[in-house]
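Predicted model, so just to flag it, every value in this text is computed and none were measured. In what follows, chains carry the letters A, B, and so on, assigned in the order in which the sequence lines appear, proteins first and then strands, with residues in each chain numbered from 1.
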There are 2 protein chains.
Amino acid sequence: MDNNVDADHNAVNGNILDRVGLVSEKSYHHGNLRAALLEQAKATVREQGLDGLSLRDLARQVGVSHGAPRRHFQDRQALLDALAESGFEQLGAELAAAFEQAGSDFGTRLRASAAAYLRFAINDAALLDLMFSSKGHDADDPLHTAAMAAFSPMFELIHQGQREGILEAGDPERIGLVLFASIQGTAALFTSGMIESAQLEQLASDAITYFVRGALPIP
Amino acid sequence: MDNNVDADHNAVNGNILDRVGLVSEKSYHHGNLRAALLEQAKATVREQGLDGLSLRDLARQVGVSHGAPRRHFQDRQALLDALAESGFEQLGAELAAAFEQAGSDFGTRLRASAAAYLRFAINDAALLDLMFSSKGHDADDPLHTAAMAAFSPMFELIHQGQREGILEAGDPERIGLVLFASIQGTAALFTSGMIESAQLEQLASDAITYFVRGALPIP
DNA sequence: GGAGAAAGTAGTCATGGACAACAATGTAGA
DNA sequence: TCTACATTGTTGTCCATGACTACTTTCTCC
């Protein structure tokens with residue numbers, strides 16, 4: 001309708017603040033739509049679950065027409081895939097941070113990592129579900145890559161345990177998977193409502209204890 | 001339980017073959033629509049996943065009008081809940097059967113039960129996902145009841161292990177949850193594509209071994 | 001056999017995803 | 001600088017679906 005001259009002016013100069021979405025002035029080109037959509041999608045999924053996510057809603061919330069998202073995501077599934085990928089990146093970062101901040105003691109690191117994982121599972125249950133429900137994992141798939149990267153701190157942890165004689169020898173990946181499964185299962189039991197938050201801490205603690213005992217080197 | 005009142009109701013003069021859907025004669029009243037919808041839904045979910053499931057499609061496939069399912073399921077979510085519930089019933093039956101057929105040895109029973117669980121997870125991955133994503137678990141919720149019933153063989157198994165001195169003492173439910181989480185996590189890793197079927201057997205075996213070692217009584 | 005409940009049908013609406021034609025902006029090369 | 005072309009948004013449309021309502025057929029029970 002009535003085009004605003006100021007808006008045009010800003011658009012020409014490509015103000016960085018506009019592009020990051022920190023300034024609300026409108027211009028024809030959003031400048032950062034893909035990221036904005038992902039961010040909004042993540043918030044919506046957290047608050048309303050996957051079913052509450054609609055591309056048209058997303059477009060509205062970001063202030064763009066309903067057709068715009070299509071320029072960045074071919075279809076809804078593509079957006080979900082991207083969301084899952086960014087979820088893996090975030091989870092990986094949080095695991096790595098927990099790993100770092102926990103000092104060098106194996107047990108402390110192990111529990112800190114598990115706690116970080118569960119924290120993520122609690123705060124972003126639906127996102128974690130999504131991350132675990134995305135199918136196509138073709139090894140060269142960016143999703144697969146992101147997932148592998150996210151869990152690398154855990155495998156490093158296993159390696160440390162082996163060096164220190166706390167865990168039995170063997171393929172770190174193989175041993176790590178047992179831990180991984182155990183923690184993910186714990187998270188699933190909680191997010192599915194099968195256990196209460198009161199039981200979660202207990203279960204998480206037990207799972208780790210059993211894992212460590214189970215993986216003890218056999219003298 | 002007693003939500004089969006409708007079936008009983010119509011069972012009075014309804015031809016059994018009609019009711020099972022083996023006869024294609026049309027009558028205004030389907031006679032068994034609820035069950036037929038659930039059955040068809042289960043097949044569709046297995047073949048096409050949750051997203052491939054539409055009430056209207058279901059109605060078409062079963063040969064009724066698009067409004068008919070509403071008489072039996074208030075909305076789509078209600079159908080999904082019922083599907084999850086029937087999934088728990090089936091899983092429970094399969095776990096119980098595996099438990100029975102495995103003889104009386106604890107280890108054999110344990111592995112047979114885990115195998116049954118994983119078999120279910122592989123054959124009906126999307127259904128298991130659904131079972132674990134249904135939220136409302138209010139203890140008196142039929143879903144919660146069905147879930148608890150399904151896993152009762154597992155807790156019985158824990159009890160046996162304790163009697164035989166193979167597992168440490170303690171609340172069987174608490175110990176059982178660790179096993180449950182471990183197996184469910186294993187299943188999740190597989191159905192999400194994070195591990196290949198080649199790794200599944202190994203992981204499952206490792207998870208059980210670690211669990212048994214971890215739960216060993218401490219002398 | 002008739003009243004009323006149960007089960008199915010048909011029509012409608014709003015929402016949402018996918019698609020296509022078009023418009024505005026950005027960019028690179030002559 | 002000007003101009004062709006690629007990017008990115010917009011608008012309008014189609015179609016499938018879930019949900020709702022009014023109506024019809026059948027069943028059951030008194």
Side-chain angles (χ1 to χ4, degrees), chain A residues 1-16 18-19 21 25-38 40-41 44-45 48-81 83, chain B residues 3-15 18-19 21 25-38 41 44 48-83:
Chain A
M1 304 304 173
D2 56 335
N3 256 342
N4 188 324
V5 182
D6 294 340
D8 284 346
H9 180 65
N10 276 328
V12 170
N13 291 342
N15 185 324
I16 184 66
D18 278 346
R19 298 181 46 247
E25 298 185 33
K26 264 205 226 168
S27 68
Y28 194 93
H29 281 101
H30 180 286
N32 208 19
L33 185 52
R34 186 188 147 98
L37 288 170
L38 277 178
Q40 180 61 48
T44 301
V45 165
Q48 315 191 10
L50 258 195
D51 294 338
L53 188 71
S54 109
L55 290 179
R56 288 176 108 110
D57 252 345
L58 232 46
R60 272 187 288 265
Q61 291 163 334
V62 170
V64 97
S65 74
H66 69 264
R70 234 177 112 66
R71 292 290 167 201
H72 303 273
F73 306 100
Q74 194 173 15
D75 55 22
R76 187 186 138 102
Q77 188 54 50
L79 182 139
L80 295 185
D81 287 348
L83 202 52
Chain B
N3 48 2
N4 291 344
V5 192
D6 343 348
D8 290 343
H9 206 56
N10 287 315
V12 176
N13 36 3
N15 182 322
D18 278 345
R19 294 176 51 242
E25 297 180 34
K26 264 202 219 168
S27 64
Y28 194 92
H29 281 108
H30 181 286
N32 207 20
L33 185 53
R34 188 189 145 98
L37 287 171
L38 278 177
T44 302
Q48 314 190 7
L50 257 195
D51 293 339
L53 188 70
S54 110
L55 290 179
R56 288 175 106 108
D57 251 345
L58 235 44
R60 272 187 286 266
Q61 291 163 333
V62 171
V64 295
S65 73
H66 68 266
R70 237 178 107 67
R71 293 288 165 199
H72 302 275
F73 305 101
Q74 192 173 18
D75 55 22
R76 186 186 140 101
Q77 189 54 49
L79 182 138
L80 295 185
D81 287 347
L83 203 52

What pair of heavy atoms forms the shortest contact from [X] to [Y], and how long is it?
X	Y	result
B:Ala59	B:His66	CB-CA, 4.0 Å
A:Thr44	A:Gly52	CG2-O, 3.7 Å
A:Gln40	A:Val62	CB-CG2, 4.0 Å

[N] [atom2] sits how many Å from [X] [atom1], rounded?
X	N	atom1	atom2	answer
B:Asn32	D:dT26	CG	P	19 Å
B:Leu37	D:dG18	CG	C1'	15 Å
B:Asp51	D:dT17	CG	P	13 Å
A:Leu79	C:dA18	CG	P	10 Å
A:Gln74	C:dC19	CD	P	7 Å

Touch class at under 4.0 angstrom, heavy-atom based, for B:Arg56 against every strand present: base
Sugar-phosphate, base or nothing in reach of A:Arg60, heavy atoms under 4.0 Å: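 If one applies the 4.0 Å heavy-atom cut-off, A:Arg60 turns out to touch the sugar-phosphate alone, with no base involved.
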Partner of B:Phe73 under side chain to side chain contact (heavy atoms under 4.5 Å, CB included), chosen from B:Leu33, B:Leu83, B:Leu38: B:Leu38
Residues, nucleotides or ligands: over 12 heavy atoms within 6.0 Å of B:Gln61 CD: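 Counting neighbours around CD of B:Gln61, more than 12 heavy atoms of other residues, nucleotides or ligands fall under 6.0 Å, so yes.
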Flag side-chain contact, heavy atom, 4.5 Å: B:Leu79 against B:Arg76: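 No, too far: nothing below the 4.5 Å cut-off.
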Whichever of A:Asp57 and B:Leu33 has its nearest DNA chain C nucleotide further upstream toward 5': B:Leu33
Strand-adjacent residues in residues 66-73 of chain A, judged by heavy atoms under 4.0 Å from DNA chain D: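 Result for residues 66-73 of chain A: A:His66, A:Gly67, A:Ala68, A:Arg71, A:His72, sorted by number.
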Short side-chain N/O contact from B:Ser54 to OP1 or OP2 of D:dG18, under 4.0 Å: yes
